[in-house]
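A note on names: the letters A, B, ... follow the listed sequences, proteins ahead of strands, and every chain is numbered from 1.
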Protein chains: 2
Amino acid sequence: MIDPIPESDEQCATVHTAIGQASCKRVGQVLSRVGDKWSILIIMFLTDGPQRFSQIKRSVDGISQRMLTLCLRGLERDGLVKRTVYEVVPAHVEYELTPLGHSLTMPVAGLGRWAMENLDEIERARDHFDNRNTLSGKK
Amino acid sequence: MIDPIPESDEQCATVHTAIGQASCKRVGQVLSRVGDKWSILIIMFLTDGPQRFSQIKRSVDGISQRMLTLCLRGLERDGLVKRTVYEVVPAHVEYELTPLGHSLTMPVAGLGRWAMENLDEIERARDHFDNRNTLSGKK
DNA sequence: CTGAATCCCCTCTGATACTG
DNA sequence: CAGTATCAGAGGGGATTCAG
């Protein structure tokens, strides 16, 4: 998962705001990781400390073991999570955030705060938008 | 696009870190919006001020008019973008960020900064991970 | 307990063509 | 110029099954 996105950065040159400059396609890669259905949830749970596979599975309600495996692999690949295998009879694997992974929780928390603060307004906007459309006769 | 995610918030109770509390499923909705392939790019370009449909299309390299329409609709629905139609012969439509939309650029910029600062480390981690796997004989 | 492998559905996304 | 409609391909993601 999380494919290459091997595109040019030409459009960076067309943007002239500070944050625009800082964005472009590269940031898209990070946002894909952060924006996917489970990664953030997993990272959040791992801030509590190392967790076993099944613990995470139980914590993140609704995730399938397939997706959990895939997400953890992706996170591990990006160096955000460290995987430790204990060679014992009933397999035992622990996952924990790397320093890089921990550093990500800061900006993400900022986004989380924004989300919490503005969720109501967003939902009101959605209701308003949806009502307007259904009333205007769209099937 | 951007579906309901009508799930319970039970798991919130199982988390005990501050940022963990603030997250959970709700934040997932925002992250889905932020994390999708084009929304952020569009928002970034709109920080420069109101833009016409075709301007955005030209700026965001590679986006299809279909996706642009869909994304703008989604952003409008969430109250992040305002759509203004000028009733003239060659249709003229402008899009601009709402105050809510502008406020989102702050936390997003934080994430963008993190991405820029850590992209090298992430790519190194990926190379390392990929090499390790190909060498260990995986087909 | 972990997690790889398969099957399958369904959404996202792009290409193309068509209206106002 | 702005937007919709349709079709087809790619990929995300769940359920289930098998293996170490």
Which pair of non-hydrogen atoms, one from [X] and one from [Y], has the smallest distance, and what is that distance?
{"X": "B:Pro107", "Y": "A:Leu111", "answer": "CB-CD1, 3.5 Å"}
{"X": "B:Leu41", "Y": "B:Lys37", "answer": "CD2-O, 3.8 Å"}
{"X": "B:Leu80", "Y": "A:Trp114", "answer": "CD2-CH2, 4.0 Å"}
{"X": "A:Leu97", "Y": "A:Ile43", "answer": "CD2-O, 3.8 Å"}

May I ask you to evaluate whether A:Tyr95 reaches the phosphate of C:dC1, defined as a side-chain N or O under 4.0 Å from OP1 or OP2?
no
Presence of B:Thr69 side-chain N/O under 4.0 Å of D:dA2 phosphate oxygens OP1/OP2
no
Under the ring pair (Phe, Tyr, Trp, His ring centres under 6.0 Å) test, residues paired with B:His92 that sit two or more places apart:
B:Tyr86
Counting heavy atoms from C-beta on, name the nucleotide in [options] closest to the side chain of [X].
{"X": "A:Lys37", "options": "C:dT2, D:dG13, D:dG3", "value": "D:dG13"}
{"X": "A:Arg52", "options": "C:dC1, C:dG3, D:dA2", "value": "C:dC1"}
{"X": "B:Ser54", "options": "D:dA2, C:dG14, D:dG3", "value": "D:dA2"}
{"X": "A:Val93", "options": "C:dG3, D:dG3, C:dC1", "value": "C:dG3"}

What is the separation between atom [atom1] on [X] and atom [atom2] on [N], rounded to the nearest whole Å?
{"X": "B:Ile63", "N": "D:dG3", "atom1": "CD1", "atom2": "P", "value": "13 Å"}
{"X": "B:Gln51", "N": "D:dA2", "atom1": "CD", "atom2": "C1'", "value": "16 Å"}
{"X": "A:Leu68", "N": "C:dA4", "atom1": "CG", "atom2": "P", "value": "11 Å"}
{"X": "A:Met67", "N": "C:dT2", "atom1": "CE", "atom2": "P", "value": "18 Å"}
{"X": "A:Asp61", "N": "D:dG13", "atom1": "CG", "atom2": "C1'", "value": "16 Å"}
{"X": "A:Arg83", "N": "C:dC1", "atom1": "CZ", "atom2": "P", "value": "16 Å"}
{"X": "A:Asp36", "N": "C:dC12", "atom1": "CG", "atom2": "P", "value": "15 Å"}
{"X": "A:Ile56", "N": "C:dT2", "atom1": "CD1", "atom2": "C1'", "value": "12 Å"}

Nearest-nucleotide wise, let me know which of B:Ala91 and A:Ala91 is further upstream toward the 5' end of DNA chain C.
A:Ala91
The answer to which of B:Gln55 and A:Val89 contacts DNA chain D further toward the 5' end, by nearest nucleotide, is B:Gln55
When all nucleic acid strands are considered with a 4.0 Å heavy-atom cut-off, which category describes B:Tyr86: base, sugar-phosphate, or nothing?
nothing
Could you tell me the separation between the CD1 atom of A:Ile122 and the CG atom of A:Asp127, rounded to the nearest 0.5 Å?
12.0 Å
Polar atom pairs between nucleotides 16-19 of chain D and protein, under 3.5 Å, N or O only, would you list them?
from	atom 1	to	atom 2	distance (Å)
D:dT16	O4	A:Gln65	NE2	3.0

So which pairs with a foot in residues 89-101 of chain A pass salt bridge (Lys or Arg N to Asp or Glu O under 4.0 Å), sequence neighbours left out?
A:Lys82-A:Glu96
